[in-house]
Amino acid sequence: MPMLMPQVTNLRLLFFSPFPRLSLSSLSLKPLKPRTLFTALASSYRKRHRPIPNQSPNPGARNKTTLRESRGRDKAMEETKETETAGFNKRRAEGNDKNDRPKKNLQRKVRTLNPINTLSYVQVLGTGMDTQDTSPSVLLFFDKQRFIFNAGEGLQRFCTEHKIKLSKIDHIFLSRVCSETAGGLPGLLLTLAGMGEEGMSVNVWGPSDLKYLIDAMRCFIPNAAMVHTRSFGPSVGGLMASQTKFTEPIVLVDDEVVKISAIVLQPIFSNGAQLLNELSITQNPTEKVFNDGVDVSKPFSPNGKNSPTGKPGDMSVIYVCELPEIKGKFDPEKAKALGLKPGSKYRELQLGNSVKSDFQNITVHPSDVMDPSIPGPIVFLVDCPTESHLQELLSMQCLSSYYADFSGPPENANVVTCVIHLGPASLISNPNYQSWMKRFGSAQHIMAGHERKNVEIPILRSSARIAAQLNYLCPQFFPAPGFWSLQHLDCLAPESTPSSEGSVSKVCESISAENLLKFTLRPYARLGLDRSVIPSQVASSEIIDELLSEIPEVVDAAQCVSQLWHQSTETKEEIRLTHDDKVIVEEPWFDENTLPSCLENIRRDDLEIVLLGTGSSQPSKYRNVSSIHINLFSKGGLLLDCGEGTLGQLKRRYGVEGADNAVRGLRCIWISHIHADHHTGLARILTLRRDLLKGVPHEPLLVVGPRKLKFFLDAYQRLEDLDMQFLDCKHTTEASLHAFEGVTETNKDHSFLGSPTSFEDLIDKNTDRQVAQKVDSTLFAKGSRMQSYWKRPGSPVDNNVVFPILKSLQKVLEEAGLEALMSFPVIHCPQAFGVVLRASERLNSVGKVIPGWKIVYSGDTRPCPELTEASRGATVLIHEATFEDGMVDEAIARNHSTTKEAIEVGNSAGVFRIILTHFSQRYPKIPVFDETHMHKTCIGFDMMSINIADLPVLPKVLPYLKLLFRNEMIIDESDEVVDAAASVAS
């Protein structure tokens with residue numbers, strides 16, 4: 001062991017760059033020569049690339065693909081034959097490859113049911129329990145069927161973690177249609193659609209406002225994946241009169257295994273107005289959920305006027321799950337005494353039919369020879385989110401037969417076995433709600449709303465284990481996750497609602513839900529709670545003890561990592577600036593990593609880059625999908641991409657309260673392209689911010705993204721108010737901003753990006769025409785580098801909208817201490833972008849002007865001239881590296897980059913530091929890379945937090961991280977991933 005650490009440490013002496021040092025004094029983007037993006041790439045790649053066999057030069061490389069990435073590989077290779085020498089898949093970049101893919105007729109699962117189930121239970125799937133960001137899901141399990149209630153963000157990752165086979169799910173029921181309960185639905189549908197040769201689909205049920213969600217998801221999910229969605233309940237076309245309320249539950253599923261009914265809860269407002277009741281349940285499972293007679297382009301309203309009393313998303317649902325009765329045991333001795341011979345008549349009696357006695361002149365009834373039947377268990381799932389819903393709940397007459405004090409005919413009485421409460425703890429503690437719970441008699445109540453005590457137990461144990469290990473090795477880049485202690489809860493406001501379990505238990509039998517808690521329904525002998533599979537709480541100290549026993553060298557490694565910061569401080573003291581501002585140091589390797597002038601006297605509260613998701617395609621046990629938090633501390637923050645689960649990752653990084661503060665402080669969210677793994681967490685972030693800032697004066701949050709994203713957000717806002725304003729990425733490109741700047745200079749004697757301008761004076765017909773012509777000619781002109789994979793817009797630029805939003809962007813940037821946010825086109829899919837963030841200049845203590853730092857994020861892309869030019873002199877380049885070096889063919893086919901290609905882009909652009917991210921899920925913990933190229937580069941991990949003051953140390957940490965995962969570097973773990981994916985599809 002004593003020899004190991006010096007060997008690892010000395011790797012830094014081998015790091016030399018073949019590229020000359022570039023000046024970092026100018027951080028502005030430089031205009032390209034007038035040639036197309038594709039022509040430039042074709043020219044450069046013909047010189048640099050030759051056909052590469054599909055075999056990694058690294059003997060330890062992991063070449064196998066995950067299930068999703070291997071779909072259509074042969075087809076993708078055929079598509080790229082013509083463009084392989086150009087280095088990218090042109091048809092994919094232009095969006096013309098959809099018709100080339102084989103059409104899938106997504107199969108809906110049809111199973112042979114087993115009416116005599118040997119096992120059945122309901123189980124709480126603890127999504128959101130540790131982060132309180134989403135509604136928990138509930139699994140109703142039978143031998144041959146699976147039902148899931150609610151599909152919040154993180155459900156797919158949760159199922160992967162706990163080996164719950166998604167392919168076995170038959171139905172998904174939503175108790176409400178909102179981001180809290182349905183945030184994980186888009187990713188789940190896409191994953192199911194990609195399973196097997198033909199793909200799979202699932203039945204999705206929800207109240208009638210489900211149509212708004214489905215309509216929004218059409219922007220990025222194939223229609224074939226959503227044809228089995230069915231809505232029920234009142235139409236959202238207007239207000240409902242009180243005399244047209246539902247009086248009976250709506251039966252959704254009724255077979256020999258289970259009967260599932262829905263009872264719609266509509267909030268009672270002060271004026272008693274309700275939504276118009278028009279029962280419209282689709283009976284044909286192949287029909288879409290939409291009612292074409294309803295105009296969903298505007299919020300619903302009666303008599304053409306907006307309703308102040310109800311809106312889509314207000315409806316909630318109580319689900320009633322009723323299992324068939326358990327027939328009593330047949331008693332052959334009683335049958336014999338009544339003159340029956342053994343044989344077919346015994347069977348008839350067991351089937352419920354009366355028979356004639358063989359030896360007596362009597363008719364024998366089933367009740368004469370069988371023990372009394374046992375009523376089947378009944379489970380309620382109740383989602384009562386507000387006081388307004390509670391008023392409706394308390395007045396419902398259709399529930400009377402389920403109450404213990406039911407006074408009607410005994411044969412109509414129903415005994416409820418278990419009630420799972422999905423509402424918030426604050427409402428469950430309401431005395432009226434508790435009195436309502438008591439009406440169910442001896443039923444077991446399970447409180448599945450957010451309980452504070454669950455915050456300390458991470459539900460994603462695999463990633464939590466990795467986070468604890470990384471924190472031990474390098475706490476500077478991997479701060480302790482918020483869920484390892486409850487200290488952050490101490491700062492909760494005194495009025496915060498405590499756990500509801502204590503108060504509720506005084507009136508009825510109740511417990512707080514825990515992750516994977518079961519309530520067994522069959523066999524009857526085991527009816528009741530089952531805690532056997534609840535994960536035990538694991539302290540971080542236990543994880544570290546295991547790590548030290550497996551890799552004893554990590555103790556010295558942690559000490560060496562700590563010394564890096566001490567050495568960095570000493571090195572800074574040895575640095576002296578010459579007259580030409582070049583940095584001179586003692587160590588030869590440091591010359592290649594010359595400290596940029598923007599880092600002079602940098603403060604730790606200036607910038608922190610937090611990688612919330614570093615995986616691609618779909619979430620895995622160890623890596624979530626794409627998202628980066630740019631933490632500007634007191635000046636707020638930005639999100640670059642916002643994949644599913646981004647809010648949960650924020651809460652794991654900052655704690656529940658800290659994440660709320662981070663969401664409040666967001667200045668802007670920037671989305672690179674329309675693929676689901678980059679934006680499906682957006683609605684959850686926006687709705688939380690809306691709720692947190694309710695009653696506080698604030699501006700709508702600015703979302704910058706591709707044009708197609710606006711279609712999704714506009715459609716979704718019919719369901720929930722997102723409190724945002726949208727700006728197309730094309731209006732934040734350098735060409736577009738210069739076009740607006742030029743028009744501004746024509747009308748005013750100062751620059752658009754300079755001092756404040758009165759945009760109202762510019763918005764006239766003449767200005768509109770000038771801007772439209774100039775933007776159109778520079779950005780989308782025939783033969784321009786963007787026109788080759790962007791179609792000309794169908795309408796001119798609407799400057800009445802664009803100018804005010806650009807003014808808002810300018811204000812947001814100034815408040816955040818940023819000089820510019822510029823998007824640039826990249827090669828991946830239509831309307832795919834990267835982004836440049838540049839900080840404003842600052843003055844040091846002696847009045848010297850210090851240039852601002854510059855961050856470049858590539859989004860998903862092949863290496864391209866636009867990205868290289870945008871990265872010139874960047875302080876940090878965050879670049880996707882989906883594939884290892886030996887998989888160039890697959891990278892080209894999918895328009896992604898390899899590790900080496902990403903590093904080459906950074907080297908050629910003279911960036912100071914490169915952070916690699918967006919790794920294929922075939923690399924579960926750490927990707928394959930060639931260490932000789934990593935002299936200014938580091939591998940990204942989820943929750944990695946890189947302070948700008950620590951950038952000089954960043955690459956030196958990588959060898960120690962490799963030590964931590966040395967077993968994964970040797971053992972081909974892609975087998976584990978492939979097997980897991982295969983088990984899901986089985």
Side-chain angles (χ1 to χ4, degrees), residues 12 15 17 19-30 476-477 563-610 630-638 813-814 816-822 836-857 870-878 906-907 909-915 935-938 945-957:
R12 65 183 184 182
F15 295 157
S17 171
F19 298 91
R21 187 177 60 209
L22 301 178
S23 172
L24 303 181
S25 59
S26 174
L27 297 179
S28 62
L29 295 175
K30 300 178 180 179
Q476 296 86 352
F477 286 144
Q563 285 296 314
L564 292 177
W565 267 260
H566 180 67
Q567 294 169 4
S568 176
T569 303
E570 292 179 346
T571 302
K572 289 178 182 178
E573 294 175 356
E574 297 172 0
I575 295 176
R576 61 182 179 86
L577 296 177
T578 65
H579 293 292
D580 58 357
D581 288 343
K582 292 183 179 178
V583 180
I584 300 176
V585 294
E586 297 292 332
E587 296 180 89
W589 56 266
F590 204 95
D591 185 65
E592 193 57 46
N593 298 276
T594 302
L595 194 69
S597 55
C598 67
L599 296 184
E600 182 181 338
N601 300 125
I602 196 74
R603 294 167 55 95
R604 296 195 68 84
D605 61 353
D606 192 75
L607 166 69
E608 184 180 57
I609 301 171
V610 181
I630 303 298
N631 184 8
L632 302 174
F633 296 93
S634 62
K635 296 178 181 178
L638 296 86
L813 295 179
E814 290 174 352
L818 299 177
E819 178 182 313
L821 180 153
M822 287 188 181
V836 176
L837 294 176
R838 188 164 63 243
S840 303
E841 295 178 341
R842 55 189 171 87
L843 296 176
N844 66 7
S845 58
V846 297
K848 178 183 176 181
V849 176
I850 306 297
W853 45 259
K854 175 180 175 181
I855 294 176
V856 178
Y857 172 49
S871 303
R872 296 288 180 199
T875 315
V876 178
L877 168 62
I878 306 172
N907 287 337
V911 306
F912 179 61
R913 289 292 178 257
I914 304 169
I915 302 172
H935 57 281
K936 60 170 67 174
T937 306
C938 193
S945 303
I946 304 161
N947 193 285
I948 190 170
D950 297 330
L951 287 178
V953 182
L954 184 61
K956 307 176 198 177
V957 174

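Note that the structure is predicted; figures quoted are calculated from it, not measured.
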| request: Starting from the C-alpha separation in whole Å, work towards a yes-or-no answer on side chain to side chain contact (heavy atoms under 4.5 Å, CB included) for Leu638 and Leu821. | output: CA-CA 11 Å; Leu638 296 86; Leu821 180 153; 4.1 Å; yes

| said: Keeping Lys936 on the side-chain end and Val911 on the backbone end, is there a donor-acceptor pair under 3.5 Å? | reply: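 Yes, Lys936 side chain to Val911 backbone: donor-acceptor pair under 3.5 Å.
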
| If only atom types and distance count, is the side chain of Arg842 paired as donor or acceptor with the main-chain N or O of Cys598 below 3.5 Å? |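 Yes; judged by distance alone, with no hydrogens or angles, the pair exists.
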
Distance-minimising heavy-atom pair for [X] and [Y]:
X	Y	result
Val856	Ala870	CG2-O, 3.5 Å
Ser840	Leu818	OG-C, 3.3 Å
Pro955	His935	CB-O, 3.5 Å

| request: Quick one: list whatever passes side-chain hydrogen bond (donor to acceptor under 3.5 Å, both in side chains) with Asp605, sequence neighbours left out. | output: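 So Asp605 forms a side-chain hydrogen bond (donor to acceptor under 3.5 Å, both in side chains) with Arg603.
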
| message | Test of understanding: with side-chain hydrogen bond (donor to acceptor under 3.5 Å, both in side chains), list the residues that count as partners of Asn947, not counting sequence neighbours. | response |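 Not a single residue meets the side-chain hydrogen bond (donor to acceptor under 3.5 Å, both in side chains) criterion with Asn947.
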
| task | I would like to know whether Ile946 and Phe477 meet side chain to side chain contact (heavy atoms under 4.5 Å, CB included); could you show each step before the answer? | result | CA-CA 6 Å; Ile946 304 161; Phe477 286 144; 4.1 Å; yes

Student check: side-chain heavy atoms of [X] and [Y] closer than 4.5 Å:
X	Y	value
Trp853	Leu837	yes
Arg872	Val836	no
Leu607	Ile855	yes

